[in-house]
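Have a look at the structure below, then the notes.
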Amino acid sequence: MHQGAIKNTTDIEAMLKREQPKHLSLVHDPNSKWAVLTKQAHRIFHYRLTQHNLSGSDREALMLARNELLALAKSLKAVSSVENALNED
């Protein structure tokens, strides 16, 4: 995923947290899509650490998948925050 897009979504999320905290109830929802993706990314990381029979390329592939899931989760979190803010206005 493009690093600039990740930075932009992270910046938007940070700005919304500072400026309009009453609009961000979704940011703390453990059942949202981004929260589920984050949990899955952590499971992948745990699996990578605990499975000693994985090859080097398998470990690298798991880390790439984990990083993509985390990037997608951050993007979804920022988009959800923006949608919440727009829908409440």
Can you tell me how far OG1 of T38 sits from NE2 of H42, rounded to the nearest 0.5 angstrom? 6.0 Å
For the atom pair NE2 (H46) and CD (Q51), what is the distance rounded to the nearest 0.5 Å? 8.5 Å
Tell me whether L54 is reachable from L69 by hopping between hydrophobic residues (I, L, V, M, F, W, Y) whose side-chain heavy atoms are closer than 4.5 Å. yes
Do R66 and L62 pass the side-chain contact (heavy atoms from CB on, under 4.5 Å) test, and can you show the C-alpha distance, the side-chain angles, and the key distance before you say yes or no? CA-CA 6 Å; R66 172 189 177 259; L62 281 173; over 6 Å; no
In the hydrophobic clustering that connects Ile, Leu, Val, Met, Phe, Trp and Tyr at side-chain heavy-atom distances below 4.5 Å, which members other than L49 occupy its cluster, ordered by chain and number? F45, M63
By side chain to side chain contact (heavy atoms under 4.5 Å, CB included) - contacts of S55 (at least two apart): S57, D58
List the residues meeting side chain to side chain contact (heavy atoms under 4.5 Å, CB included) with L76, not counting sequence neighbours, and say none if there are none. K33, W34, L37, L72
So with a 6.0 Å cut-off around CD of E60, is the heavy-atom count from everything else above 12? no
